[in-house]
Amino acid sequence: MNATVTEPACAETRPVAESPALSLAINAWFVGNARDLPWRRHDFGAWGVLVSEFMLQQTPVNRVIPRLAEWLERWPTPGDLAAVPPGEAVRAWATLGYPRRALWLHSAAVEITQRHGGVVPSDIDELLALSGIGDYTARAVAAFAYGLRHPVVDTNTRRVIARAVAGQAEPAPPSRTRDLDAMGALLPLPRGDAAIFNAGMMELGAVVCTAKNPRCGDCPIQSSCAWRLAGYPAYSGPRKAVQKKFEGSDRQVRGLIMAELRATHHPVTDAEITGLWPDPAQRDRALAELRATHHPVTDAEITGLWPDPAQRDRALAGLLADGLAVATGPGRYTLPHE
DNA sequence: CACTCGTGGGT
DNA sequence: TACCCAAGAGT
């Protein structure tokens, strides 16, 4: 690590890379140009950071911000979330996408409550043991919530390293050890500087060194960027797998069923209702009204969502297998309520 | 490892 | 219009 650079520019593998110039320039830029995002507030807390990281997995910042605020207002601690049924988390997740994350976040809250006394752990391995937390999220929480010195590598960081250090237009396919080593070699020694550098690399990749149409003229490291110095060579590596078309896909059907499930509610028992109000006639009228809008999703409704029976079956089976839907009776489904 | 998993904005 | 892309994780 941190070997002193004694060779001039001809050492092709690492001329600029291990010089501290990169982190110095990026940190200076980040301090002056970082977006004012909620999870960067000093008092945001580890739970808030963890929730934000779950939401930010594959969902853009702008869509996360309002859901995150609602979420933390409703469930200010892991224990608050752990106390409600998982379906409530899925409903509050709304249209952020990939609703399994809501289920996993709920599970993580339960695990934090049970195993860690309701305190978000700071240890990488303990974080990795939580549901829905992988290499990126574990390190992000440790670094951003607790200020610990770990390399944090996301898709932005990988792209910045590929360009600025390796001189390539796009990063090679992700490789855990190689990516962590590459970032680890660039990471400043002081904890605080390391945390800023982790965030700064991500920020640079998010707002300047973007996947398409990078704004190289605004880049704080343009003068040392290996990609620029090489004349912006085009990417020549393996082609990234093209995302399958969403329109008409099983995924779209899942999404439609999920939207229906989010609009439903846990079936209330007669006993619960009896306890709410003394007058039976009034109870029945209120219940009839509720059933018109709040009821388990029925097979008939699902049939109306999509014409292809095979796709409907696959989508529903997938949701049941994932625990995003549960059967509450023959042909009746709701979000998980236990 | 390749594949799957939502949703919506940008170009 | 059809892609492309987005602070990944689990199987």
Side-chain angles (χ1 to χ4, degrees), chain A residues 30 34-35 37-40 44 48-68 90 93-105 107-108 127-145 150-160 170-177 179 183 195 198-207 209-215 235 238-262 314-315 317-325:
Chain A
F30 183 73
R35 290 169 293 175
L37 300 174
W39 44 91
R40 290 177 177 164
F44 203 63
V49 170
L50 187 145
V51 174
S52 76
E53 294 298 348
F54 265 85
M55 291 184 170
L56 288 165
Q57 293 167 5
Q58 299 290 281
T59 299
V61 165
N62 302 329
R63 277 206 281 150
V64 163
I65 289 174
R67 295 292 84 73
L68 176 66
V90 176
W93 196 259
T95 58
L96 285 177
Y98 292 150
R100 286 185 294 187
R101 289 180 294 164
L103 230 39
W104 289 334
L105 177 52
S107 295
L127 285 162
L128 280 172
L130 299 174
S131 299
I133 293 193
D135 232 17
Y136 164 75
T137 303
R139 292 167 174 281
V141 170
F144 301 142
H150 298 292
V152 181
V153 179
D154 79 329
T155 185
N156 293 303
T157 305
R158 263 192 300 276
R159 185 172 54 251
V160 172
E170 294 177 41
S175 160
R176 180 201 134 87
T177 57
D179 295 340
M183 187 59 177
N198 278 318
M201 289 285 274
M202 292 171 59
E203 183 79 350
L204 188 66
V207 305
C209 194
T210 48
K212 19 182 279 189
N213 306 328
R215 304 165 50 195
Y235 180 65
R239 199 73 184 152
K240 270 185 293 191
V242 280
Q243 198 172 6
K244 271 189 217 161
K245 193 167 65 174
F246 179 70
E247 197 66 30
S249 67
D250 287 4
R251 251 164 140 159
Q252 183 183 20
V253 184
R254 275 180 66 115
L256 290 171
I257 298 176
M258 279 307 304
E260 206 64 34
L261 286 166
R262 285 195 301 269
R314 282 199 300 274
L319 292 173
L320 290 166
D322 288 342
L324 284 164

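Letters go in sequence order (proteins before strands), and every chain restarts at 1. Just so we're clear, the structure is a prediction, and the values are computed from it rather than from any experiment. Hydrogens, waters and symmetry mates are skipped; everything else that's a heavy atom, side chains included, is used.
Residue-level contact check: A:Arg262 touches the backbone only, with heavy atoms under 4.0 Å from sugar-phosphate atoms and none from bases. Residue contacts shown for A:Phe246 include a base, since a base heavy atom lies under 4.0 Å away. The residue A:Pro99 sits close only to the backbone: its heavy atoms come under 4.0 Å of sugar-phosphate atoms, none of a base.
Between A:Met183 and A:Met201, the closest heavy-atom pair is CE-CG, 3.7 Å. Residues A:Val49 and A:Trp39 come closest through the heavy atom pair CG2-O, 4.2 Å. Nearest heavy-atom pair, A:Gly48 versus A:Leu68, reported as atom, atom and distance to 0.1 Å: O-CD1, 4.2 Å.
Put simply, chain A comes within 4.0 Å of DNA chain B, heavy atom to any atom, from B:dT4 to B:dT11, going 5' to 3'.
Side-chain N or O atoms of A:Asn198 include one that pairs as donor or acceptor with a backbone N or O of A:His150 at under 3.5 Å. At distances below 3.5 Å, at least one donor-acceptor pair connects side-chain atoms of A:Arg40 with backbone N or O atoms of A:Arg35. Not a single donor-acceptor pair under 3.5 Å links the side chain of A:Arg67 to the backbone N or O of A:Trp93.
Nucleotides C:dT11 and B:dT7, compared at atom C1', are 23 Å apart to the nearest Å. One P atom belongs to C:dA7, the other to B:dT4, and the distance between them is 23 Å to the nearest Å.
When each of A:Lys244 and A:Gly255 is assigned the nucleotide of DNA chain B bearing its nearest heavy atom, the one mapping closer to the 5' terminus is A:Lys244. Between A:Ala241 and A:Leu324, it is A:Ala241 whose nearest contact on DNA chain B lies nearer the 5' terminus.
Residue A:Arg215 places its CZ atom among 12 or fewer non-hydrogen atoms of other residues, nucleotides or ligands, all under 6.0 Å distant.
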Practice problem: Let me see the working for A:Tyr136 and A:Glu53 under side-chain hydrogen bond (donor to acceptor under 3.5 Å, both in side chains), right down to the final yes or no. | Solution: CA-CA 9 Å; A:Tyr136 164 75; A:Glu53 294 298 348; 2.8 Å; yes
Exercise. Treat primed atoms plus P, OP1 and OP2 as sugar-phosphate and everything else as base, then score nucleotides 5-10 of chain C 5' to 3': B for base contact with protein heavy atoms under 4.0 Å, S for sugar-phosphate contact only, - for none.
Key: BBBBSS
